[in-house]
Every structure is written in C-alpha cells, then in structure tokens.
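Right, one structure below, let's go through it.
By convention in this document, chain letters (A, B, ...) are assigned in the order of the sequence lines, proteins followed by strands, and residues within each chain are numbered from 1. Below, all heavy atoms of this structure are taken into account, side chains as well, without hydrogens, waters or symmetry copies.
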4 protein chains.
Amino acid sequence: MPEKTEKPTAETTATAAEDRPRRRQARGERRISQLLEAAATVFSTTGYTAASTNAIAREAGVSPGTLYQFFPNKEAIAIELGSRLMHEMRQSYDEVLTPIDPAVTPVEEVIAGTVDRFIAFNCRHPAFFALMHGPDIPGRIAEEHDALHATLVTRVETILAPFVPGAPAPAVTRTARMCVGIYMAGLELILAHEGAEREAYVQELKDVLLRYLRPLVGDVVK
Amino acid sequence: MPEKTEKPTAETTATAAEDRPRRRQARGERRISQLLEAAATVFSTTGYTAASTNAIAREAGVSPGTLYQFFPNKEAIAIELGSRLMHEMRQSYDEVLTPIDPAVTPVEEVIAGTVDRFIAFNCRHPAFFALMHGPDIPGRIAEEHDALHATLVTRVETILAPFVPGAPAPAVTRTARMCVGIYMAGLELILAHEGAEREAYVQELKDVLLRYLRPLVGDVVK
Amino acid sequence: MPEKTEKPTAETTATAAEDRPRRRQARGERRISQLLEAAATVFSTTGYTAASTNAIAREAGVSPGTLYQFFPNKEAIAIELGSRLMHEMRQSYDEVLTPIDPAVTPVEEVIAGTVDRFIAFNCRHPAFFALMHGPDIPGRIAEEHDALHATLVTRVETILAPFVPGAPAPAVTRTARMCVGIYMAGLELILAHEGAEREAYVQELKDVLLRYLRPLVGDVVK
Amino acid sequence: MPEKTEKPTAETTATAAEDRPRRRQARGERRISQLLEAAATVFSTTGYTAASTNAIAREAGVSPGTLYQFFPNKEAIAIELGSRLMHEMRQSYDEVLTPIDPAVTPVEEVIAGTVDRFIAFNCRHPAFFALMHGPDIPGRIAEEHDALHATLVTRVETILAPFVPGAPAPAVTRTARMCVGIYMAGLELILAHEGAEREAYVQELKDVLLRYLRPLVGDVVK
DNA sequence: GATGAATGAGGATTCATTCAT
DNA sequence: TATGAATGAATCCTCATTCAT
C-alpha cells in the first residue's frame, strides 16, 4: 500500500477536536498496514515459525521497536493478518455469491464463479495460503487459523446446502471439508505456475470439483 | 545421509578390516534408525523449523553430541528421513501395483487399492505428511522434498498412463499432480479423524479421485 | 530538576516576558507535580530500576514525550522526587522539633514525637521509603540518596546533641546512623501492617529507640 | 572457588559405572557454584532487577548459553542462590546455638554470639543482604525471599522463646521481626565500614539489641 | 563412540530517549 | 507544549553446532 499522505490541511473547524487524535492514528494505521504487508511477504516466504520479527520490521523499513508499538508480539501479527484477510475474503464473495438458487444457477457456474473468485483473492494475497497451510503454527494462532478454516468450510456448506437438500448434515460437512482441501491443493498448484499453465490448473481444479459435486447435486436437481 | 567414508586406518587383514566396521556400522545403523524415528516424531509434532536437534536427541534418548556423530546437521536428518520414507513407500506399492492392465483391473479397484495402500503407509508414518506438507522447509531440504514429490507424481503418472493412452504428456502430468494434491488434502482430513469418521473420509477421497479420473479413463476403456 | 533556562526569545516588554513564562511555569509546575506523583506511585510499586518512564507517563496520564519536556531523564525524576520529599520532610519537623531543651522535654517525648511525625510523613509518602531503601539505584542517584540519608542523620545528630553533651562526635554519628537504620527497619514493618498491628509496631519501634538511647541520655540528665 | 581439577586417574573398578556420569556432573556442579558466585557478586553490586544474565555469565567467565544450561532463567539463579545461602546459614548457627538455657547462658552472651555468628556469615556472603533487602524483586522470587525472611524470624523466635516464657505469641513474633529488622539495619552499617569503625558498629548493634531485649527477659529471669 | 558441557550468534521483546507534527 | 510514533541498543533466552573427556 503506497503512502497516501492524506492532506492534513485544515478542512473545517468542527472536526478539529476529532482530527487531532485521528491524524496520529492515521500514521499508525498506515504503519500497521505496512507492517502487515511486510509480514504477509515474510510469512509466505519463510513460514510463520521461521519468520523473524526483525525481518518483518526490516521488510517494512522500520525498526523492531516500531513493530512492537503496534503489535504485542509475533503471534498478534499473524492473527491480525489472518483476520484481515478473512474479512477481505468474506467481502470479496459476499457481494456476489450469497443468493444462489439451484434452479437458476447451474453447478458449473457456481463452482467456476466461486473458484475464480477465490483464486483471484488468493493470488492477490499469497499470505493467506501460507497462513492456512502452516503445520508449524503454534498455540493461539492455531485457533485463529482453525477459525479461518472453519469459516471457509461453513461458507462452502452454505453454498452447498441448497444443492443437496436431502443430505445429512455430517455428510455435507465432510463434502465441504473435502472441497476446501481440494481447493487448497489446487491453489498450491496454481500459485506454483504462471500464464497458460496456471490457467490449465485452474480449469483442472474446476473439473475436479465439478465432477466431485455433480453426482450429489444431480440427484436432487434432476 | 550419515558419514560413511571413515577410513579404518588400514592396518589389519581384509576380514578384520571389514568385520569391525561392520559391527560398528550395525550399532551405528541402529542409532541412526533410533534418531530418525525420534526425528519423525518431533517433526510431525512441531514441524521442521520448530524442531530442535536437542529435542530430537532427547526423544531418541541420546546426547546432542551423539546425534552429530551421525548427521552433519539438522537438514541432513530431514533429508535422510525423507529419503528412507520414500524408499519404504516405493517398496510398499511396488510389490503389488506395478503391473496394471486397464483391461483387467477396473479404475475403481486401482484407485481404491492405491489409496488404501498409501493411507496405510501414511498412517504408519505421519512424519511423511509433515515432511511433504511443510511450507517452512528451508533451502536444501526443499530439493529433497521436491524430489519426493516428483517421485510420487511420476509414480502416479505411471499408474495413470495405461489408462489414458492418448493423452498428451503435460495433461497427464497435470492430472497426476492434481491427484497427489487431492490425496494429500484427503490424507490431512483422514489423519485428523478416527474410527468410522476416518473411514468415511477415506471413502470420500476415493470418490473424489474416481469421479475425477473416470471421465478421462472412460474415453479410452469404453 | 527540570530544565528552566529556556530563553523566551526576548522580544517583548519586561512584563510580557515575565508574565507568559510565569503562566507557563504554573502549568509546568502542575505537570511536574503530576509526573512526580506518578513517579512516586510507580517507584514505590516496582522500585526504581524496574520502573519505566513510559509507565510513569501513563500513570500521569501524559505521553512519554511530555515527560521528557520536564525531565531530561529517568534519573532526574528520582532525584527531583527525592529532593522534594526531603524538603517536605524538613518542613514537617522543623516547625516543631527544632528547639529541644533536655531539661524540659524528656527523651520519651522527643522520641515519641519524632517517630510519630516521621511515621506520619512516611505513610503519606511511601515513595520516600522506596527511594531510601533501594539497593538497586544506580550511579548519580545514589548521591542524592546519600545526601538524603546524610540529612536525616545530621538531623538526628542535632536532636541528639543536647542530650549527650559529653559524647565524642564519632560516637554521636554512629548512634544517629543506628537510629536512622532502626527507624527504617521499623518503618518497613509498620508500612507492612495495618490498624492495631501497625500501632503495635509503632510502639515497638519507640521502645527500641527509647531503650537504646536512654542509657546514653541518662548519664547526663540524671 | 578455584578449579579443583580432581584427578580422574582410574582409581578402582567398582565405582567406574558411577564415576562416569559423576565426572560430568562434577564439572557441572563446579560451573553452577561458579555461576552462583558470579551472580552473588553481580546481585550485590547492582541488585536483582538491574543484574543482567549476560553480566553474570561474563563475571563467571562463560558464555550466556552456558548459564542457561544450568538455570532455566534469571529467577532460578536468585532462588537457588538464596536457598544455598539459607542452607549455609542454617548450618552455620545450628551447630552452636540450638540448645540455649536461659538459666545458664545470659542474654548478653546469646545476643553477642548470635550477632557475631550472623555478621561473620553475612560478611562472607554479602549477596545475602542484597537478596533479603531488595524491594525490586519480582514475582516468584519474593516468595523465596519471604521464606528466607520467615525462617530467620522463626529462628529468632526460637531463640527468644525460652527467655520470655510468659509472653503472648504475637508479641514474640513482633519482637522477633523487630530484631531481624534491627539486625539488617545494623548489618548495612557494618558492611559499609571497615576495621575499627566496623567493630564499633558491631558493638553498637549488640547494644541496641541487648537494651531492647533485656527488659523483656529480665521480667522472667529475675 | 558417547556424553554433557560450551559456544555465540540470533530471535523476541523492552525501554529510555528523540522527533515530527 | 503535547502527542504518539520512531529508534536502536540491550535484555532474556534458544538452539545449531563443537569440544573435551
């Protein structure tokens, strides 16, 4: 995120009382974003455990002390980063995918749309993958991590639900989890390639999901 | 791979020179296995980066010094462990799956058999998953890791090949990679559950793979 | 002692130049008191070394920057605090105890009065104890600390002198130091208790001092 | 403590099995003593909080890592040091002072003996004073510190008891605490002086205690 | 070979102090 | 002045690795 240097030129009088404390926070907010971006880079490069706070600070171009002015510890950085990514992801698909009518939208489209959307998001934020995927993430973070995962699964369940009305809940959960797993696996391949090859993997992923889900759906829709 | 080239300060008869080292190597081999087992435990518990050599030595019931008598550094442990696991895995399926005639063995069976075999192996050796899955594995190891992965992929390609004779090589590679990815994703879910639920996930994994592959195969077989 | 010599960039009339600074000093004085109060709290809670300037600023409800507008460094805070406490203490007993005539006032009364007075002061200002008592106080502060201590000792010598006219100076000094030490020891016990128990310790302290000093005094007075 | 270089020259055969692990521990034990000595020096110089583990290691002539091979953290060093000092102190006076018969031993002697013994101990181990006296000692250590203090008080109570048979327990406790406080105050003065002046302070301390306690004792003995 | 001690660079974190606004 | 962000040296502690025995 580029330095926005928002003009602090006195705009009005009424907001002055609010402005003073906010101008301070503005710089802080910028720093926080900057640090989280740096953290995203470092995390996705080295993984959480091997990432050093000094490296993050260096990547952000600040001193270690500055980092600790905004985050109490390394964990908190990962947690905040995860939570922000999740928020952004939620927004990203909420706008389009929420209302899905199986009678109107065919599975193909749902899958293709969802995958495209998620892939786009994950290509923009490779840290998301690092955070979701780390088997070395300790303690408190795992919770956040799990929450993130659970949210994803729930989301998929929600999308799935209208397509498989008769299915028992545990089966739907299993399917949703499987979908998320497949998606992550595909994502890894996609992120590892570029250009046409990447596109090919995207298609491959869609195929896997479609073939996996169609039979389930078909029973109902047809 | 542990240091092997130690010169026995040639000074005795051929038999003696071979005998003593051999006994030593026997003890050494035991130590090495012991250490690798410990490493497997620690790696699969904490991940590679967070695993400390001291912890591995402790787990193995030896002193840190002893560990370094057999491995030059931490990396070497992971590499040797990975290589051994791969060997064992290879043997594990070589004995049965090598000759597959699509005309004789239906895809269902191939998939079910392969999955069962791999799953059994991976449940016996959870470290394999940890090693394949770690995004935090630094430098040199990644190569071994990749080699391991590549071997797996090649293996799957080999299995796949007779079923999709007309397919272009890159497509087969993509499919194989996708299969390995799906398998790893399924494995994670399987390892995370027990009993009936685990079985359900095993079945789910087979379903995914079968549905994914049948269309490809069908074109040919039918 | 806070920076005072700030040049008001001489540019106005004498009155203005005096007036503005004065108002400033007034606010400044309040800030300083505020900060010293906060410092007293923090010092007596955690000791000098463990006290952080940030904590003091927070306790005072100001930013760290503000603190450094009035004190050049942490040491200066302790020094100024000590010096103010000493001043207040001096005033506190000067008003009553200065003129003591052994022929008129019996030792019992002198001791009881002095102890009560000091105790009252120290209960009001627990930081005094923390400052006098800290063995962890570094460098320059020790001097101030010693000055404070020396002042106390001198004061006690002065009180003692008329009661032991014949005694050699070094002996009086020793006795005075011993008294101060005993007082501090008693004070610690007193501050550690409340209510009736506290009163009991106060009495105990008076007993100790009385029994210690009476023989010395008795030789003369009787 | 000087390096003892105990001769490991094979002495016998029977103890060999015990000797091997012990020789290792021997070096370790030596290091521990060395480190504790260094810690004693540093603690009594700078106080607990300001003492850095690096400084302790440096003082002991070892690397920081070595220190942590024997102590899990800074606290543990202080705790172990305190506990060792207490043990040594206990031994120091247990041998002589345990059986005191008021009818046989006059108070003067008891006090003089006890003080001399304690003073000798504390001059040998100035860290004891630092540890008992620190107002900045955090958390867990305070407990050990308090235990140390409590032990002292109890010890004094035990010594006192036979001399004041009729006194109520709380009063005895108060008196014992007062004695310990007076002792610590005197100790500070004693440690701060040398030669004849030091002796004079020792005498002064004895006088204080004697005059404080004689009235209590007198009631009974007479 | 085996042991446990030794090393020291590096990592997370704190804190006195300074600076831009 | 006041603020809060910025700094970087210093702290506690860990860990891969080496060494003496």
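The pair Arg84(C)-Glu29(C) meets the salt-bridge criterion, since a charged nitrogen lies less than 4.0 angstrom from a carboxylate oxygen.
Contact of the Leu35(D) side chain with the Glu59(D) side chain is not registered, since no non-hydrogen atoms from C-beta on lie closer than 4.5 Å. Here the side chains of Ile77(C) and Leu67(C) are in contact, with some heavy-atom distance below 4.5 Å. Two residues are said to be in side-chain contact when any heavy atoms from C-beta on lie closer than 4.5 Å; Tyr48(A) and Glu75(A) meet this criterion. Arg30(D) is listed as a side-chain neighbour of Arg27(D), based on a closest heavy-atom distance under 4.5 Å. Residues Thr53(C) and Phe71(C) have side chains not in contact (no heavy-atom distance under 4.5 Å, counting atoms from C-beta outward).
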Pairs under 3.5 Å (Watson-Crick or G-U), crossing ones as [ ], inter-strand ones as |: DNA chain E comes out as .||||||||||||||||||||
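Rounding to whole angstrom units, CD1 of residue Ile56(C) and C1' of dT17(E) are separated by 13 Å. As a whole-Å value, the separation of Phe71(D) CZ from dC13(F) C1' is 15 Å. One interatomic measurement links the two molecules: CZ of Arg27(D) to P of dT21(F), which rounds to 7 Å at whole-angstrom precision. One atom, CD of Glu75(B), and another, C1' of dC15(F), lie 16 Å apart when rounded to the nearest Å. Rounded to an integer number of Å, the gap from Gln69(D) CD to dT17(F) C1' is 12 Å. Protein atom CG of Leu67(A) is 16 Å distant from nucleotide atom P of dC15(E), rounded to whole Å.
Each of Phe70(D) and Ala55(C) was matched to the nucleotide of DNA chain E holding its nearest heavy atom; the match closer to the 5' end belongs to Phe70(D). Two residues, Asn73(B) and Asn73(D), neighbour DNA chain F, and the one matched to the more 5' nucleotide by heavy-atom proximity is Asn73(D). Checking Gly61(D) against Val62(B), the closest nucleotide of DNA chain E that is more toward the 5' end is the one next to Val62(B).
OP1 or OP2 of dA5(F) has not a single side-chain nitrogen or oxygen of Arg30(A) nearer than 4.0 Å. Side-chain nitrogen and oxygen atoms of Tyr68(D) include none within less than 4.0 Å of the OP1 or OP2 phosphate oxygen of dT14(F).
In this structure, the side chain of Thr46(A) engages the main chain of Val42(A) through a donor-acceptor pair within 3.5 Å. Under the 3.5 Å distance criterion, the side-chain polar atoms of Ser44(A) are matched with a main-chain donor or acceptor of Thr41(A).
DNA chain F is contacted by no residue of residues 34-44 of chain B, taking any non-hydrogen atom closer than 4.0 Å.
In terms of heavy atoms, Leu81(D) sits closest to Ala39(D) at CD2-C, 4.3 Å. A pairwise comparison of heavy atoms in Phe70(B) and Ile32(B) identifies CD2-CG1, 3.7 Å as the closest pair.
For Glu37(B), the CD atom sits in a loose shell: 12 or fewer heavy atoms of surrounding residues, nucleotides or ligands are nearer than 6.0 Å.
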Sort me out a list of protein N/O and nucleotides 8-11 of chain F N/O pairs below 3.5 Å, or just none if empty.
none

